[in-house]
Amino acid sequence: GGNLLANYRGFWFGAHLLEGTITFQKHFKANDTDIILATMPKSGTTWLKALTFSIITRNNHSVAQSPLLFSNPHQLVSFFEINLYKDGKIPDIDSIPCPRIFATHIPCQCLPNTILDSSNCRIIYLCRNPLDMFTSMLHFSLQNGFLPQQPQETMSMDGLFESFCQGTYQYGPFWDHFLGYWNASLKNPQKVLFLKYEDLKEDTNGYVKKIADFLGCAFSSEEEEAGVVEEITSLCSLENLKNLECNKRGETKSFFKAKHSTFFRKGEVGDWVNFLSPSMANRLEKLVQEKFGESGLTLEIHGKYLG
Ligand code: A3P
């Protein structure tokens, strides 16, 4: 299941998630201290969650054995539309200690005004080049049994690829998803920090500092000298997160059951070359060129610009 999509404000949502999304939009009230982490699925959400959580809790001595992150990282930040607002229920989020971190896949264009206009909360958006994002989704779907293994069945790899390119894909079209947050960050860079997975991989320490600056909790020179930045980077490395007991076992408690282990695969830039045919890659590169051409948003893999 999960293939049934419904359109809302120009985006495609799993039909079973739409009610929660709308309830969220109507009833969510942002605090000035809230931190919203926004991504398309398979852009490095889990990594961003771990980094942000580690950055803001570093003074509680909880980085090393944070009960929240490390006992159940998938409960750390609840996806608005999936866990919190499902079935149209309005959750009690006032009891979550501040600063609250929320993660969501909801596009900028569909966020409630309370996040965008009437509070000082911050948004961090993480995007990833669509070739790797699609490749990651393909593995995730296969590993969790969301895609039939036989290519001749309805939602085969080709089918998934086709919907990805057409935009009729969970939270798609990806270009409008990227551009919504991109434009918001151009308009208000104090409010929206726009990051790319490839940059984060290349210079994790630099971006850990950037995220801390953005959130108003910059590292002191004492902290930097003590190596706190590097400590957070290695704590949140794929190897480290993957080998935590809580990530080796268990599965998400939401509409779909995904094994925790499947959120940690290779974590590489450019892994698409092993899975996408040249014509698929070509099609995506053209799409990137066409959709992002005028926006000022550039996507690159290992120094090579897409499009
Ligand atoms: P790959 O499938 O390309 O390896 P999300 O968290 O949004 O579902 O994204 C999952 C992708 O992020 C997977 O990509 C996963 O391996 C990668 N990832 C998870 N943890 C990571 C980390 N600590 N550092 C870098 N990449 C990570």
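Counting convention: from 1, in listed order, for ligands and their atoms alike.
- For Arg265 and Phe140, the positive end is not near the middle of the six-membered ring at less than 6.0 Å and at most 45° from its axis.
- The N/O atoms of Lys42, backbone and side chain alike, include one that comes under 3.5 Å of an N/O atom in ligand 1.
- The protein non-hydrogen atom at the shortest distance from atom 22 (C) of ligand 1 is Trp47 CG, 3.4 Å.
- For the residue pair Thr135/Asp271, the side-chain donor-acceptor check at 3.5 Å is not satisfied.
- Between Glu198 and Asn129, the side chains place a donor N or O and an acceptor N or O closer than 3.5 Å (distance only, hydrogens not considered).
- Contacts between Ser43 and ligand 1, counted as non-hydrogen atom pairs separated by less than 4.0 Å, involve the backbone only.
- Residue Asp132 has no N or O atom closer than 3.5 Å to an N or O atom of ligand 1.
- Among protein heavy atoms, the minimum distance from atom 5 (P) of ligand 1 is reached at Thr45 N, 3.5 Å.
- Distances between N or O atoms of Leu238 and those of ligand 1 include at least one value under 3.5 Å.
- At a cut-off of 3.5 Å, with distance as the only test, no side-chain donor of Tyr169 or Glu162 sits close to an acceptor on the other residue.
- Of the listed options Ala258, Gly44, Gly270, Gly44 places a heavy atom closest to atom 9 (O) of ligand 1.
- The closest protein non-hydrogen atom to atom 3 (O) of ligand 1 is Arg128 NH2, 2.9 Å.
- The contact set between ligand 1 and Lys266, taken as ligand atoms under 4.0 Å from a residue heavy atom, comprises 4 (O), 16 (O).
- Contacts between Thr46 and ligand 1 below 4.0 angstrom, taking non-hydrogen atoms only, involve backbone and side chain alike.
- Of the heavy atoms in Ala50, none comes closer than 4.0 Å to ligand 1.
- Of the N or O atoms in Glu268, none lie within a sub-3.5 Å distance of an N or O in ligand 1.
- The shortest contact between atom 16 (O) of ligand 1 and any protein heavy atom is with Arg265 N, 2.9 Å.
- The closest donor-acceptor contact from the side chain of Gln109 to the backbone of Asp176 lies under 3.5 Å.
- The protein heavy-atom contact nearest to atom 19 (C) of ligand 1 is Phe263 O, 3.3 Å.
- Less than 6.0 angstrom separates the ring centroid of Phe178 from the ring centroid of Phe292.
- Considering only non-hydrogen protein atoms, atom 13 (C) of ligand 1 sits nearest to Ser136 OG, 3.5 Å.
- Counting protein heavy atoms only, atom 23 (N) of ligand 1 is closest to Cys236 O, 2.8 Å.
- Among all heavy-atom pairs drawn from Phe214 and Lys191, the shortest one is CZ-O, 3.2 Å.
- The contact set between ligand 1 and Gly267, taken as ligand atoms under 4.0 Å from a residue heavy atom, comprises 1 (P), 4 (O), 16 (O), 26 (N).
- At a 3.5 angstrom cut-off on N or O pairs, Pro41 does not count as close to ligand 1.
- Residue, atom and distance of the protein heavy atom nearest to atom 26 (N) of ligand 1 are Tyr197 OH, 2.7 Å.
- Contact atoms of ligand 1 toward Leu241: 23 (N) (distance under 4.0 Å to a heavy atom of the residue).
- Residues Phe11 and Tyr171 place their aromatic rings such that the two centres sit no closer than 6.0 Å.
- Taking every non-hydrogen atom of Phe264 and a distance limit under 4.0 Å, the qualifying atoms of ligand 1 come out as 16 (O), 19 (C), 20 (N).
- In His105, neither the side chain nor the backbone holds a heavy atom less than 4.0 Å from any atom of ligand 1.
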